[in-house]
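Inspection log for the structure reproduced underneath, given as structure tokens.
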Protein chains: 2
Amino acid sequence: MDIHGRDLRYFAAVAEELNFTRAAGRLFVSQPALSKQIRMLENQLGAPLFHRDRRTVRLTAVGEALLPHARGMLASWQAAEAAVQQAREAEQHTLVIGMSTSPGRGLLPALRTRLVSQYPDARPVLRQVPWVDPSAGLADGSSDVAFVWLPLPDGDRYQYAVMAREPRLVALPRTHRLAARAAIDSEGAVDFTDLLDEPFLALPPEAGPLRDYWLALDAWGDRAPRIGGVVASAEETHEAVANGQGVALLAAGNAPLVVRDEVIAVPVRGISPSQLAVAARQGDKRPLVLAYLAAAAKVGAKAR
Amino acid sequence: MDIHGRDLRYFAAVAEELNFTRAAGRLFVSQPALSKQIRMLENQLGAPLFHRDRRTVRLTAVGEALLPHARGMLASWQAAEAAVQQAREAEQHTLVIGMSTSPGRGLLPALRTRLVSQYPDARPVLRQVPWVDPSAGLADGSSDVAFVWLPLPDGDRYQYAVMAREPRLVALPRTHRLAARAAIDSEGAVDFTDLLDEPFLALPPEAGPLRDYWLALDAWGDRAPRIGGVVASAEETHEAVANGQGVALLAAGNAPLVVRDEVIAVPVRGISPSQLAVAARQGDKRPLVLAYLAAAAKVGAKAR
DNA sequence: GGATGTCCATAACCCATGGCTATCACAACA
DNA sequence: TGTTGTGATAGCCATGGGTTATGGACATCC
């Protein structure tokens with residue numbers, strides 16, 4: 001039923017040499033091993049492949065029929081191996097860069113330039129990742145590196161280079177008292193203390209530290225936020241804010257996903273900024289990945 | 001280096017199912033066996049073929065590269081097996097008929113007709129065999145059946161059907177006294193007793209009973225032939241007779257090989273005739289062989 | 001004609017391979 | 001929270017594919 005490539009190699013060698021001993025030498029096996037294998041192949045096919053007269057070996061009709069196929073398959077396998085090798089190298093040189101929204105700021109071309117100057121064969125590939133995955137494809141391996149907003153769930157599973165820090169925003173209904181009032185200062189921002197009486201939209205409890213971060217829990221002192229609802233996506237957040245269930249903190253980069261129609265976003269002063277970072281999986285030591293992180297660190301340092 | 005067809009089958013199955021358990025079922029092996037084999041293939045190629053995320057299996061780039069080659073090779077092997085099968089059947093239906101000179105007498109068409117009427121698929125193939133092999137290819141397996149002159153060396157290794165009996169001839173120089181004289185009777189033959197004083201050409205001693213037969217030893221009574229020389233082929237016989245070293249007995253069918261220029265051949269009366277037979281190897285029970293022998297026996301009986 | 005060489009087959013042995021069953025780990029789901 | 005589905009792991013065993021040593025049948029050479 002199946003065939004082992006080795007048997008075809010052996011068969012072809014004997015067919016060429018028409019001499020078991022020489023063929024065995026060429027194949028770097030002992031002559032009995034070769035004899036045995038050929039015989040097993042003959043048994044498998046149900047017909048002898050060689051006439052072994054006393055002093056001479058020659059192909060039978062069946063052997064003649066098999067030989068071209070055998071040669072063809074050996075060549076095919078060589079081609080297959082080459083294709084695999086090529087794919088491996090392509091994979092080697094490909095760097096999949098995940099992102100949910102473009103990081104903008106000219107970051108991508110800058111990093112790309114640095115990467116290819118160091119690894120001319122590198123092929124950076126951009127990949128759009130649905131917003132539901134905050135790791136932008138790192139978690140499931142569909143990205144090698146990714147632009148992410150810190151903090152990240154399971155944050156210790158990744159290594160980072162921070163690219164930019166920018167104030168968190170608060171999403172409000174356009175009709176909200178804080179949206180129109182003098183609460184918005186000369187810089188177009190609101191104070192976090194002005195938000196303390198508002199109901200907040202929170203991520204589900206299983207989001208862990210991520211939930212705490214987007215409630216800015218460390219800025220509440222001894223007070224506790226009032227939770228106006230639980231949201232798990234940009235879409236839900238938009239809906240909940242528009243319906244007046246509460247306000248929500250946002251990374252600047254995610255604002256475009258939430259701000260539209262009746263929802264606006266305003267920078268918040270008095271809480272730590274959110275951070276845009278390039279991340280990779282912890283322990284991923286592939287040269288391209290490390291180079292991209294290093295490039296990100298350099299560019300990030302310069303930008304700050 | 002080499003590849004086992006089974007591994008390609010396994011790989012293709014998993015690539016189609018994208019599910020190890022189901023693929024294993026389809027292949028009639030256990031799931032662990034399949035997992036192990038795939039992993040070994042991956043090790044051999046130096047790259048994973050499948051992404052195994054928690055719940056899903058999908059091809060890697062390398063896997064994608066390999067898959068078409070794998071399918072191609074599986075198809076190639078099927079084709080090769082079919083070719084072998086076809087060759088086997090052709091061999092099955094082929095009957096190689098050895099002969100040193102054509103038996104003539106319309107025997108070949110007669111036997112052919114009988115054979116194909118019984119086995120319509122049979123393909124009788126005529127094969128000319130050099131005179132040095134009195135078994136006309138039976139001994140070395142290059143013929144399945146053969147037209148031979150009895151007796152044969154190692155005669156018990158063959159089975160026969162006698163087709164015709166005809167007087168043995170004696171080869172003489174054209175200038176020999178027996179050639180021109182009244183020794184040649186009304187039937188154009190000579191009496192063996194007229195030859196008793198001639199030197200005889202003999203086959204080499206290792207020819208055994210064959211040597212005795214062609215000296216007609218049983219017809220000498222208490223006399224013994226005088227050996228004029230030893231010959232091992234038709235060519236040598238021609239030379240020796242032409243040189244006057246002696247006379248030689250011949251089968252009628254072999255006369256054309258010896259008679260030319262200064263050598264003639266004359267039937268001999270008073271010794272047993274030589275026999276033309278169809279022979280096969282003793283113990284060869286292949287239907288086509290037996291059918292040909294049977295046909296020969298029928299035709300031979302009718303001819304006599 | 002006996003010694004020697006060539007060549008394929010056989011025998012006896014060894015260990016890596018490829019199969020099995022049982023079981024685990026983990027996510028999804030009811 | 002128990003159940004189900006899926007792939008990985010562990011431990012076991014038969015077989016396959018290799019080895020060396022040897023045999024037997026011819027050629028060839030001195």
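The model shown is predicted, which means the values in this text are computed figures rather than measured ones.
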Integer-rounded Å distance: [N] [atom2] and [X] [atom1]:
X: B:L34; N: C:dC20; atom1: CG; atom2: C1'; answer: 14 Å
X: A:Q44; N: D:dG16; atom1: CD; atom2: P; answer: 11 Å
X: A:H51; N: C:dA9; atom1: NE2; atom2: P; answer: 14 Å
X: B:F11; N: C:dG18; atom1: CZ; atom2: C1'; answer: 20 Å
X: A:N43; N: D:dG17; atom1: CG; atom2: C1'; answer: 15 Å
X: B:I38; N: D:dT9; atom1: CD1; atom2: C1'; answer: 17 Å
X: A:Q31; N: C:dA9; atom1: CD; atom2: P; answer: 7 Å
X: A:R52; N: D:dG24; atom1: CZ; atom2: C1'; answer: 16 Å

Every protein N/O within reach of nucleotides 11-17 of chain C N/O, cut-off under 3.5 Å:
none

To the nearest 0.5 Å, what is the distance between [atom1] ([X]) and [atom2] ([Y])?
X: A:L66; Y: A:R71; atom1: CG; atom2: CZ; result: 10.5 Å
X: B:L8; Y: B:L41; atom1: CG; atom2: CG; result: 7.0 Å
X: A:Y213; Y: A:S274; atom1: OH; atom2: OG; result: 5.0 Å

What is the nucleic acid contact for B:F50, judged by heavy atoms within less than 4.0 Å: base, sugar-phosphate only, or nothing? nothing
Would a distance-only check, ignoring hydrogens and angles, find a side-chain to backbone donor-acceptor pair under 3.5 Å from A:Q159 to A:A279? no
Does the A:W77 side chain pair with the main chain of B:H69, one donor and one acceptor, at a distance under 3.5 Å? no
Result of checking B:R39, B:Q37, B:Q31 against B:S35 for side chain to side chain donor-acceptor pair (under 3.5 Å): B:Q31
Between A:R39 and B:A33, just flag the one whose closest nucleotide in DNA chain C comes earlier from the 5' side. A:R39
In terms of heavy-atom contacts, does CZ of A:R52 have more than 12 from other residues, nucleotides or ligands at under 6.0 Å? yes
How are the rings of A:F50 and A:F11 set to each other: parallel, tilted or perpendicular (split at 30° and 60°)? tilted
Collect all protein-nucleotide pairs involving nucleotides 3-6 of chain D in which both atoms are nitrogen or oxygen and the distance is under 3.5 Å.
residue: D:dG5; atom: N2; partner: B:R55; partner atom: NH1; Å: 2.9
residue: D:dG5; atom: N3; partner: B:R55; partner atom: NH1; Å: 3.4
residue: D:dT6; atom: OP1; partner: B:N19; partner atom: ND2; Å: 3.3

Show every side chain to side chain donor-acceptor pair (under 3.5 Å) that has at least one partner inside residues 86-99 of chain B, sequence neighbours left out. B:Q85-B:E89
N/O (side chain, A:S35) to phosphate O (OP1/OP2, C:dC8) under 4.0 Å: no
Side-chain N or O of A:S30 closer than 4.0 Å to phosphate OP1/OP2 of D:dT19: yes
